[in-house]
Amino acid sequence: MITMKRACTAAAAAFALACPTPAHAADAAPQAVPQVLPMGVAISALSLAAEDRTGYRRTSFRHWNAGDQPADGCNTRQEVLLAEAVDYPTIGPGCTLSGGSWESYYDAVSVTDASRLDIDHMVPLAEAWDSGASTWTAARREAYANDQGQPASLVAVTARTNRAKADRDPSEWLPPSADALCRYGAEWTATKLRWGLAVDEPERDRLLDIAAGCGDTDVEFTPAP
């Protein structure tokens with residue numbers, strides 16, 4: 001099961017949805033229902049398509065924006081760091097962070113300096129473009145690039161592992177920590193399912209190979225708005 005790293009925020013959101021005020025109950029938009037699938041079943045549910053990077057530019061995905069809480073003065077990167085902190089940092093002017101600690105699960109490294117961390121897009125922006133995002137509006141690509149609605153979408157990891165990964169899919173790169181493999185495969189699959197992104201054949205085959213060694217690992221995802 002994918003660990004819900006932002007359980008506090010999610011729980012608060014769930015309570016608000018379950019108990020709307022009378023004035024807003026009739027206007028509430030339908031909420032996507034979380035899905036839980038065995039890992040192999042989830043991978044098989046992904047659409048299969050050839051990748052096409054024609055026209056890709058990183059600037060097609062605006063990030064980091066003002067985050068989920070614009071009034072807090074923190075951008076998406078900083079909000080993810082705060083959400084994933086093992087020991088909470090001190091927040092200074094301009095949302096500068098000092099102190100605190102984080103666990104980079106890709107390489108099982110504990111980090112106490114936020115500047116050593118990157119916020120990794122679980123499915124890199126170029127890979128998302130290849131897999132379907134090239135047809136999206138600019139607003140949807142921005143939503144994808146700043147997605148905090150599913151904990152798997154953005155993850156704080158050491159800069160060296162993020163940069164080693166670059167824009168490669170699981171057929172080309174996997175986390176160096178053996179203990180990370182099942183979680184990584186599940187979270188990659190969850191992100192692609194959330195956003196309706198396709199996989200190519202080598203990517204799918206590698207994911208299925210991973211799933212074969214992951215026992216009863218589940219994939220949990222919520223379709224993006």
Heavy-atom side-chain proximity of [X] to [Y] below 4.5 angstrom:
| X | Y | result |
| --- | --- | --- |
| I91 | T96 | no |
| Q148 | V80 | yes |
| L154 | D120 | no |

Residue pairs fulfilling disulfide (SG to SG under 2.5 Å) with at least one residue in residues 63-115, sequence neighbours excluded: C74-C95
Inter- and intrachain pairs under disulfide (SG to SG under 2.5 Å), touching residues 166-225, at least two apart: C182-C214
Chi angles and distances behind the side-chain contact (heavy atoms from CB on, under 4.5 Å) call for I119, V155: CA-CA 5 Å; I119 303 304; V155 56; over 6 Å; no
Counterpart residues, ring pair (Phe, Tyr, Trp, His ring centres under 6.0 Å), relative to W195 (two or more places apart): W136, Y144
Counterpart residues, ring pair (Phe, Tyr, Trp, His ring centres under 6.0 Å), relative to W173 (two or more places apart): Y106, Y184
Please determine whether residues [X] and [Y] belong to a single hydrophobic cluster, defined as Ile, Leu, Val, Met, Phe, Trp and Tyr linked transitively by side-chain heavy-atom distances below 4.5 Å.
| X | Y | answer |
| --- | --- | --- |
| V123 | L48 | yes |
| F221 | V41 | yes |
| V199 | L208 | yes |

List the residues meeting salt bridge (Lys or Arg N to Asp or Glu O under 4.0 Å) with [X], not counting sequence neighbours, and say none if there are none.
| X | answer |
| --- | --- |
| R116 | none |
| D68 | none |
| D130 | R53 |

Rounded to the nearest 0.5 Å, what separates atom [atom1] in [X] from atom [atom2] in [Y]?
| X | Y | atom1 | atom2 | value |
| --- | --- | --- | --- | --- |
| R194 | T222 | CZ | OG1 | 6.5 Å |
| R140 | D147 | CZ | CG | 9.5 Å |
| L81 | L97 | CG | CG | 6.0 Å |

Pairs flagged by side chain to side chain donor-acceptor pair (under 3.5 Å) wherever residues 85-94 is involved - sequence neighbours left out: D87-S101
Listed once per pair and sorted, the salt bridge (Lys or Arg N to Asp or Glu O under 4.0 Å) pairs that draw on residues 91-112, sequence neighbours left out: D107-R160
Sidechain-backbone polar pair: Q78 side chain, G67 backbone, donor-acceptor under 3.5 Å: no
side-chain hydrogen bond (donor to acceptor under 3.5 Å, both in side chains) involving T112 - partner list, sequence neighbours excluded: none
Listed partners of S115 passing side-chain hydrogen bond (donor to acceptor under 3.5 Å, both in side chains), at least two apart: D113
Distance-only donor-acceptor check, side chains Q35 and E220, under 3.5 Å: no
For E142, side-chain contact (heavy atoms from CB on, under 4.5 Å) partners two or more places apart: R62, N65, N146
H121 and W188: CA distance, side-chain angles, deciding distance, ring-ring contact (aromatic ring centres under 6.0 Å, His included) verdict: CA-CA 10 Å; H121 292 94; W188 180 281; over 10 Å; no
Shortest non-hydrogen separation from T191 to A152 and the atoms involved: OG1-O, 3.8 Å
Residues E51, E203; criterion side-chain contact (heavy atoms from CB on, under 4.5 Å); working and verdict: CA-CA 11 Å; E51 295 186 351; E203 177 187 356; 3.5 Å; yes
Residues K192 and E127 bridged, charged N to O under 4.0 Å: yes
